[in-house]
Amino acid sequence: MPDATQHHHRPTLKQQNKPFKSRHSTKSALKDAAKVTSSKSATQHRDVRRQAAKQVQAHKRAALVSATRIFSGADGAPRIVAVVPLSDDISQKSVTSALACSVDISSDDCPDSGLWKIRADRFKTSLQFIILPYRDFHGALDACKVADYVVLALSPTAEVDEWGDTLLRTLQAQGLPDVVAVVAPSEEVDAKSRPGILKSLLSFIQYFVPNQKRVFDLHIAADRISAVRALAEGCPEPVRWREGRAWLLGEQCEWVADADGAQTSSGTLAVSGVVRGAPLSANRLIHLPNYGDFQISKILSAASCVRHGDMDVEPQVLAEPDPSSSESLASRNDPDDMANEQTWPTEEEMRGVGVQEDEPPRDADGLPGTHNGMTSHAVRRLPRGMSEYQAAWIVDDDDLLSDDDLVSADGDAGSDAAMDKEGDDAEEDVLMDHDMDVDMDSHRSVVFQDLDKEEEEKQLQSWRNREREEADDLQFPDEMDTPQHIPARERFQRFRGLRSFRTSPWDPYENLPLDYARIFQFEDFKRTERGVQKRAAKDPAVVQPGVRVTVHLHGVPRDAVVAPPFTLFSLLQHEHKTTVLHFTVQRNTEYDGPVRSKDPLVLCVGPRRLRVNPIYSQHTRGGGKGPNNVHRFDRYLRHGVTNVATMYGPVTFGRQSCVLLRETDDVQAPQLVATGTFLNPDTTRIIAKRVILTGHPFKVHKKTATVRYMFFNPEDVQYFKPIQLHTKHGRVGHIRESLGTHGYFKAYFDGPINQMDTVCMSLYKRVYPKWSQLWTTTAGHPAVLPLLESGDEAVMEE
């Protein structure tokens, strides 16, 4: 019998088999799993999207509040509205009155032109109209520079004329704020014709302002209130060129003469208005259009708007300039004429005569030696008769010149055999007939016979009067006939030859004019611009936007006191200093007249208007400078081509738009020539003027040609001998020798040439722009005030 204490397995212990596992889930199982996963994922994604949408909405609301905060409250700044009529049958007063009447404002005190401020209680804001008369071109440009909105008044019966079209194109290029297009109220159009007229005017205005959705008819009450709502409730879009700048619309002004004002006719101008844009700094200069840049003496709170109860409070000083950091009115450097003196090489230096005291001795073969411790330099082999000064133009291409035509750099012949061969060739020339052309490889040449003076002049005029097709003139725009009464070596003494226009080195500081000692240049313009913006953000002597102030400017002439409205713009640091300005410009497609380099034009850039004489050059695509930063000078600004316009002018920061205008007899009706954008103030950009001297291949034999009419004396041939020749059909060659006394020469090319071809020689000279001048209007006539101080008129004329 077994023991009662014997161990037994627990009865609950049972075998457990693994559950069945399938390699693939069923469709129903996958659907159930997907429902759970998608439900969780959709919930998560929905929450993420909702949060992102809330953040975007919050950012938009904050940006709207920030942009419209300046207009909020009972004492908020008014919204500036410029009313610009585009036809002569429009009454600007009737347009402004119609807008005011829609918010129950009487129009009895509405002026024909000038400033008019109303309070639109329905929209809890104020509107300040700048009412402009028809054909006030420059006034419209200045008003749109400071306006929050522009009301373009169109006529229901008259089309926009050429003046209005030019104004719209100029405003479009300058940078327009928000536009509200309206049709002036008129009883001459019946109700049936109005929809078609509005549709046609909308199509017209969308050509200049593509984002326009509607043209408001001020003859209809509903459209009037809709137009005012667009002005009073919207958020004005920022104008790009105004970013980072403070401006002020002058509402009141007062001029007080200085203690010595009787002698200088200058005094202090106090201008009252509301600060807009960026904070206004007392350390920066103020630009007064048509009169120049001035320093701020102090900024006061406007007494008429600072109240405590019912009693006026005395104005308080809000900011004063810091003498240690305020901007000066110095616009140029004062060069040391003796320290910056530059001279041309002497005749001895050009001939290479004379031995310097430290010149190394020559070896037994007559080649120059070296100083102790220096590596021997390579000896350049030069064509016979060429000096070391002329050797700077030589092309090191051995396959164009044979060994017999090469000499060492000191002028000695390469070998006695070569000299003997030259004598044999000279003797053989006498025995040959002058009409026989022989290959140069046979070491024989052509006997040349001069023509008489009358026959030479007759053939020259016949060749110069040849007809050139327009396509050839555009392809070779720099061709020039060599003058006969002046030696070419004197007429083109400042020109040089280049082996490669794009890669040949050119020192940007070589033979600079005195004007370059007067201007400012930047080591790193972009870095300087960033530093200016950082310092502007930390300036303590600033007044925030939205504050009504009175700005005191000292040194303002009496003529600057004009009836409001007028504008003040704050300049950034260094923007008063003069440098070299480059603008990328495109010619206006509607302008048909010729536009030559150095033609007088009016440049509108930022708050400034300058009278300039720009020079044009090729624009390297992508903004690249190339290996040598050399760009070809263009005599004309042509249609469909982007050029770079260069001039001396005050420094400009930011990507400023620019407009080039041409003055006419009517000062308020200029012609729009070109539009563009500020590029950079690069003082090392070399603008090279090209001159192509052309010659006629008189006699041709394979690769050899006798060329005439390029020069008219053998001295010029010898002087320009080192420079490379080329033909219009792509051949390249060099001058071998002079022939006769009328400037004929023999040339050798890299391939056979055609007698109908033209032989060319390209010469280059660096050109410089002219000084710009402040443009202004006095009594309706253009006047000029120089940017430089008095006493520099002679320099500017030079």
Output all residues satisfying ring pair (Phe, Tyr, Trp, His ring centres under 6.0 Å) with [X], sequence neighbours left out; order by chain, then residue number.
X: F633; result: none
X: F583; result: F678
X: Y591; result: none
X: W116; result: none

Would a 4.5 Å heavy-atom cut-off, applied to side chains only, mark [X] and [Y] as touching?
X: T578; Y: R518; result: no
X: C604; Y: R609; result: yes
X: L248; Y: V549; result: yes

Residue list, side chain to side chain donor-acceptor pair (under 3.5 Å) with [X], at least two apart or on another chain:
X: Q174; result: none
X: Q573; result: R535
X: E254; result: none
X: R240; result: none

Fill in: Between D293 and H287, a side-chain donor and acceptor under 3.5 Å
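Side chains of D293 and H287: pair found under 3.5 Å.
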Worksheet item: Can we say R632 and D634 salt-bridge, meaning some charged N sits less than 4.0 Å from an Asp/Glu carboxylate O?
Response: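 A salt bridge is present here (some side-chain N lies under 4.0 Å from a carboxylate O).
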Discussion item. Strictly below 4.0 Å, N to O, side chains only: are E251 and K117 in salt-bridge contact?
Written reply: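 Here E251 does not pair with K117 in a salt bridge, since their nearest N and O are not under 4.0 Å apart.
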Item to complete: Could you walk me through whether Y616 and Y636 pass ring pair (Phe, Tyr, Trp, His ring centres under 6.0 Å), step by step?
Response: CA-CA 7 Å; Y616 307 109; Y636 290 91; 9.6 Å; no
Practice prompt. Start with the C-alpha distance between H631 and V644, add both sets of side-chain angles, then the distance that settles side chain to side chain contact (heavy atoms under 4.5 Å, CB included), and finish with yes or no.
Written response: CA-CA 10 Å; H631 307 267; V644 175; over 6 Å; no
Item to complete: For the pair W775 and H138, name the ring-plane relationship: parallel under 30°, tilted 30 to 60°, perpendicular over 60°.
Response: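 Tilted.
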Fill in: Verdict with reasoning, E575 to V532, per side chain to side chain contact (heavy atoms under 4.5 Å, CB included)
CA-CA 10 Å; E575 282 196 327; V532 167; over 6 Å; no
Partner residues of [X] under the salt bridge (charged side-chain N to carboxylate O under 4.0 Å, His left out) criterion, sequence neighbours left out:
X: D136; result: none
X: D148; result: R276
X: D322; result: none
X: K577; result: E327

Item to complete: Could you please spell out the steps behind the side chain to side chain contact (heavy atoms under 4.5 Å, CB included) verdict for V146 and F569?
Response: CA-CA 9 Å; V146 298; F569 270 88; 3.8 Å; yes
Worksheet entry | Worked verdict on H582 versus T646 for side chain to side chain donor-acceptor pair (under 3.5 Å) | CA-CA 5 Å; H582 304 287; T646 302; 2.9 Å; yes
